[in-house]
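Down below is the structure, laid out as structure tokens.
To find a chain, count down the sequence lines: A is the first, B the second, and so on, and within it residues start at 1. Keep in mind that the numbers below use all heavy atoms, side chains included, and drop hydrogens, waters and symmetry copies.
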Protein chains: 2
Amino acid sequence: MLKYIDKLRNSGLRPTKQRLQICEVLFDTDKTFHFTIYELEKKIKKQINNRISLATVYNTVHAFEKKGYLKQIPINSNQTYFDTNVTDHHHFYDLKDEKLIDLENCDVGPINILKKINGKKIKSVEVLVKLED
Amino acid sequence: MLKYIDKLRNSGLRPTKQRLQICEVLFDTDKTFHFTIYELEKKIKKQINNRISLATVYNTVHAFEKKGYLKQIPINSNQTYFDTNVTDHHHFYDLKDEKLIDLENCDVGPINILKKINGKKIKSVEVLVKLED
DNA sequence: ACACCTATTTAGAATCATTATAAACTGAAT
DNA sequence: ATTCAGTTTATAATGATTCTAAATAGGTGT
């Protein structure tokens with residue numbers, strides 16, 4: 001608990017009950033995972049014996065993303081996918097099962113972007129590998 | 001015109017007036033371009049002196065995508081982006097201006113996906129390079 | 001502990017892209 | 001020309017996300 005209180009305080013977010021519970025669901029696990037808001041809401045209901053308003057889930061996820069505790073995954077879907085793995089990495093997307101799979105940086109050769117855009121710098125390089133049967 | 005009639009016939013799509021007009025807007029140009037449905041609708045209104053129902057624009061774009069005449073660009077946005085450039089290539093995304101820029105394959109080093117997923121094969125490898133100031 | 005102020009939560013409404021519906025229309029084959 | 005499946009269309013429905021405004025709760029100073 002204390003580590004989440006610190007984490008939130010350090011980023012200027014008040015450690016409210018809801019935010020701490022969402023931290024537990026998101027970060028109290030060895031494995032990182034991918035989720036949509038819909039899936040996260042279900043997970044919260046199941047894991048914590050407390051209902052959190054949908055608006056709060058949206059607010060919190062966006063706040064955490066802004067602070068770098070979550071990453072949005074660029075993918076074409078009607079829903080937005082997030083990742084609790086915020087390290088530099090990539091994704092497989094299984095078109096049939098509609099599932100994401102992590103692709104560590106070392107599983108993709110080094111990527112060297114040769115083209116430069118004037119006055120802009122590269123913030124991130126993300127690879128999406130679509131899979132079919 | 002005839003080339004589009006053939007193009008449509010060859011893919012089992014009836015060459016209707018609307019589809020031919022959308023072909024003109026999409027493919028009668030040297031440069032390829034990126035668009036959302038909203039932008040395409042505006043372009044059609046301006047370029048062709050004829051209104052095409054929004055539903056038809058959606059239907060047609062999806063039909064063309066299925067046939068490989070358009071590509072969807074994986075990006076997190078509330079709107080879906082399409083590309084008339086269907087060659088194997090990548091994108092810059094300028095976060096500030098919310099604009100896409102093509103990144104030819106040769107501008108990105110060769111990408112070698114080392115991890116394999118059982119029973120699945122790679123359909124596409126897409127790189128999104130986010131730009132900031 | 002109390003009061004106060006602002007950040008946060010909340011239910012519900014609003015928005016907006018996209019998809020579904022069902023009736024009218026059209027291309028193409030007979 | 002007739003017919004029929006494929007298309008188009010206006011409109012309604014859907015569904016994810018954002019907005020709103022009132023209620024609540026941290027945190028600070030007393």
Side-chain angles (χ1 to χ4, degrees), chain A residues 1-2 4-25 34-45 48-67 69-70 72-82 98, chain B residues 1-2 4-25 34-45 48-67 69-70 72-82 98:
Chain A
M1 285 320 92
L2 278 178
Y4 298 132
I5 292 179
D6 288 346
K7 183 174 183 149
L8 292 171
R9 281 234 176 79
N10 291 339
S11 35
L13 298 170
R14 279 193 188 167
T16 63
K17 183 165 56 113
Q18 291 84 346
R19 282 176 179 160
L20 290 170
Q21 288 178 323
I22 293 175
C23 276
E24 278 185 53
V25 174
H34 309 118
F35 64 91
T36 61
I37 298 290
Y38 173 76
E39 290 166 347
L40 179 58
E41 217 212 351
K42 278 197 305 185
K43 207 167 178 344
I44 291 168
K45 261 192 218 132
I48 311 288
N49 195 19
N50 188 23
R51 204 190 155 279
I52 295 180
S53 156
L54 185 57
T56 300
V57 178
Y58 272 100
N59 289 341
T60 304
V61 166
H62 287 141
F64 285 6
E65 197 224 343
K66 199 166 291 172
K67 297 299 180 185
Y69 304 146
L70 291 174
Q72 234 184 301
I73 304 171
I75 190 175
N76 280 123
S77 165
N78 56 328
Q79 287 176 91
T80 304
Y81 277 84
F82 293 89
E98 296 186 344
Chain B
M1 287 321 91
L2 278 179
Y4 298 131
I5 293 180
D6 287 347
K7 183 173 182 149
L8 292 171
R9 281 233 177 81
N10 290 338
S11 33
L13 298 170
R14 278 194 189 168
T16 63
K17 184 165 57 115
Q18 291 85 346
R19 282 177 180 162
L20 290 169
Q21 289 178 324
I22 293 175
C23 276
E24 277 184 55
V25 173
H34 309 119
F35 64 92
T36 61
I37 298 289
Y38 174 76
E39 290 166 346
L40 179 59
E41 218 211 350
K42 278 196 308 187
K43 207 168 179 339
I44 291 168
K45 261 192 218 132
I48 310 288
N49 196 20
N50 188 25
R51 204 189 154 281
I52 295 180
S53 156
L54 185 58
T56 300
V57 178
Y58 272 99
N59 289 340
T60 303
V61 165
H62 286 140
F64 285 5
E65 197 223 345
K66 198 164 293 173
K67 296 301 178 183
Y69 303 146
L70 291 173
Q72 235 183 300
I73 303 171
I75 191 177
N76 280 122
S77 166
N78 54 331
Q79 289 176 88
T80 304
Y81 278 82
F82 293 90
E98 297 187 342

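Atom pair F64(B):CZ and dT7(D):P shows a separation of 11 Å (rounding to whole Å applied). Rounded to whole Å, the distance from CG on N59(A) to C1' on dT6(C) is 16 Å. Between the CD1 atom of I37(A) and the P atom of dG15(D) there is a distance of 17 Å, given to the nearest Å. Per the geometry, CD belonging to E41(A) stands 11 Å off P belonging to dT10(C), to the nearest Å. In this structure, F35(A) places its CZ atom 15 Å from C1' of dA16(D), rounding to the nearest Å. The interatomic distance linking I48(B) (CD1) with dT8(D) (P) rounds to 14 Å, in whole Å. Spacing between atom CG of L54(A) and atom C1' of dC19(D) amounts to 13 Å, rounded to whole angstrom units. The nearest whole Å value for the distance from the NZ atom in K66(B) to the C1' atom in dT19(C) is 13 Å.
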**Q.** Summary of protein contacts for nucleotides 24-30 of chain C, nucleotide by nucleotide, where a base hit scores B, a sugar-phosphate-only hit scores S (4.0 Å, heavy atoms)
**A.** --BBS--
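Contact check, Q18(A) against dT10(C): a side-chain N or O comes under 4.0 Å of OP1 or OP2. Using a 4.0 Å cut-off, some side-chain N or O of H62(B) falls inside it from OP1 or OP2 of dT19(C).
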Q: For I22(B) and R19(B), run side chain to side chain contact (heavy atoms under 4.5 Å, CB included): C-alpha distance rounded to whole Å, both residues' side-chain angles, the deciding distance at 0.1 Å, then the answer.
A: CA-CA 5 Å; I22(B) 293 175; R19(B) 282 177 180 162; 5.7 Å; no
Q) Which is it for F82(B) and H62(B) under the side chain to side chain contact (heavy atoms under 4.5 Å, CB included) test, yes or no, and what are the steps along the way? A) CA-CA 10 Å; F82(B) 293 90; H62(B) 286 140; 4.2 Å; yes
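Judged by distance alone, the side chain of E39(B) and the main-chain N or O of T36(B) form a donor-acceptor pair under 3.5 Å. With hydrogens and angles ignored, the 3.5 Å screen pairs a side-chain donor or acceptor of T60(A) with a backbone N or O of T56(A). Listed for the N76(A) side chain is a donor-acceptor partner under 3.5 Å among the backbone atoms of I73(B). A donor-acceptor pair under 3.5 Å is absent between the side-chain atoms of R9(A) and the main chain of R14(A), judged by distance alone.
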Protein N or O to nucleotides 14-17 of chain C N or O, pairs below 3.5 Å:
none

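Closest of all the heavy-atom pairs between E98(A) and Y81(A) is O-OH, 3.9 Å.
Set against dT7(D), dT9(D), dA11(C), the side chain of A55(A) has dA11(C) as its closest nucleotide. Listed nucleotides dT18(C), dA10(D), dT8(D) differ in distance to S53(B); the shortest reach to its side chain belongs to dA10(D).
Below 30°, between 30° and 60°, or above 60°: for F64(B) and Y69(B) the angle between ring planes is above 60°, a perpendicular geometry.
Each of Y81(B) and I52(A) was matched to the nucleotide of DNA chain C holding its nearest heavy atom; the match closer to the 5' end belongs to I52(A).
In this structure, CG on L13(B) lies 10.0 Å from NZ on K66(B), to the nearest 0.5 angstrom.
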